[in-house]
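Quick notes on the structure that follows.
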Amino acid sequence: MENYEDVPIHWVNRLSFLSRRELGQRFAEAGHKISAEEWAVLLMLWQEDGRSPSGLADITFRDRTTVTRLLDGMVKKGLIVRKSDAQDRRKSKVFLTNHGQDLEGKLKPIAQELIAKSLRGMSAEEVEQLTFLLRKATQNLLAKA
């Protein structure tokens with residue numbers, strides 16, 4: 001095996017760990033007890049409210065049990081509510097509360113500062129290429145063959 005520092009996935013993993021940790025710290029310093037995992041769910045719901053728990057699990061690459069526990073905590077924090085699906089009462093949908101909606105304007109600027117810090121010194125073309133390459137690597141891992 002190569003030197004771990006020459007393996008791109010090492011840097012993806014390190015970036016993921018550091019960004020989750022720093023994001024949680026920045027939210028806490030601003031008075032918001034929101035984890036990086038909760039942030040990911042909020043982002044999905046700000047984009048499209050009323051998603052299913054299984055859909056959130058798929059998008060965030062978490063197993064359904066973990067997402068159920070995460071959503072339970074978010075309900076207790078008053079960030080979301082679960083409602084029965086109008087077409088199939090056996091299923092539920094997740095909706096933002098007013099509090100969850102209000103956090104968008106407070107949390108997004110904090111996250112944007114962190115993103116800007118992580119991309120400092122990169123040109124727009126480099127950021128575009130980085131995004132392209134990360135998306136391509138992700139798609140490669142998702143491919144069945």
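- Side chains of Gln101 and Asn98 form a contact here, defined as non-hydrogen atoms less than 4.5 Å apart.
- Note that NZ of Lys106 and CD1 of Ile110 are 10.0 Å apart. Values are rounded to the nearest 0.5 Å.
- Side-chain contact between Arg64 and Pro53: absent, with no pair of heavy atoms (C-beta onward) separated by less than 4.5 Å.
- Note that the CG atom of Leu43 and the CG atom of Leu56 stand 11.5 Å from one another [nearest 0.5 Å].
- Placement of Val12 and Leu130 within a single hydrophobic cluster is found when ILVMFWY residues are connected by side-chain heavy-atom separations under 4.5 Å, directly or transitively.
- Leu23 places none of its side-chain heavy atoms less than 4.5 Å from the side chain of Ile34.
- Contact of the Leu114 side chain with the Gln25 side chain is not registered, since no non-hydrogen atoms from C-beta on lie closer than 4.5 Å.
- Distance CG/Asn13 to CH2/Trp11: 11.0 Å, rounded to 0.5 Å.
- Contact between Arg82 and Thr68 at its shortest, heavy atoms only, is NH2-O, 3.3 Å.
- Residues Leu45 and Arg51 have side chains in contact (heavy-atom distance under 4.5 Å, counting atoms from C-beta outward).
- Note on Leu119 and Leu133: separate hydrophobic clusters, where clusters join Ile, Leu, Val, Met, Phe, Trp and Tyr whose side-chain heavy atoms are under 4.5 Å apart, directly or indirectly.
- Judged as a side chain to side chain donor-acceptor pair (under 3.5 Å), the pairs with a partner in residues 14-24 (not counting sequence neighbours) are, in order, Ser16-Arg20, Glu22-Arg26, Glu22-Lys117.
- No side-chain heavy atom of Leu70 sits under 4.5 Å from any side-chain heavy atom of Arg62.
- To the nearest 0.5 angstrom, Leu103 atom CG is 10.0 Å from Glu38 atom CD.
- Following chains of ILVMFWY side-chain contacts shorter than 4.5 Å, one cannot reach Leu15 starting from Met122, and the two form parts of different hydrophobic clusters.
- Between Glu37 and Thr60, the closest side-chain pair of non-hydrogen atoms is not below 4.5 Å.
- The side-chain hydrogen bond (donor to acceptor under 3.5 Å, both in side chains) test applied to Lys91 returns no partner, not counting sequence neighbours.
- Under a hydrophobic clustering in which Ile, Leu, Val, Met, Phe, Trp and Tyr are joined whenever their side-chain heavy atoms come within less than 4.5 Å, directly or via other members, Met44 and Trp46 fall into the same cluster.
- Atom CZ in Arg135 sits 13.0 Å away from atom CG in Asn140 (nearest 0.5 Å).
- Judged by distance alone, with hydrogens and angles left aside, the side-chain atoms of Lys77 form a donor-acceptor pair with the main-chain N or O of Lys33 at under 3.5 Å.
- Put simply, the side chain of Ser92 never gets that close to the backbone of Ser84: no donor and acceptor are under 3.5 Å apart.
- Rounding to the nearest 0.5 Å places NE2 of His99 at 12.0 Å from CD1 of Ile80.
- Proximity of Phe61 to Leu142: side-chain heavy atoms (C-beta onward) are separated by under 4.5 Å at one or more points.
- Residues Ser118 and Ile115 approach most closely at OG-O, 2.8 Å, considering heavy atoms.
- When hydrophobic clusters are built by joining Ile, Leu, Val, Met, Phe, Trp and Tyr residues whose side-chain heavy atoms come closer than 4.5 Å, directly or via intermediates, Val81 is not grouped with Leu42.
- Side-chain atoms of Trp39 do not come within 3.5 Å of backbone N or O of Lys108 as any donor-acceptor pair.
- Salt bridge Asp63/Arg69: absent, no basic N to carboxylate O contact under 4.0 Å.
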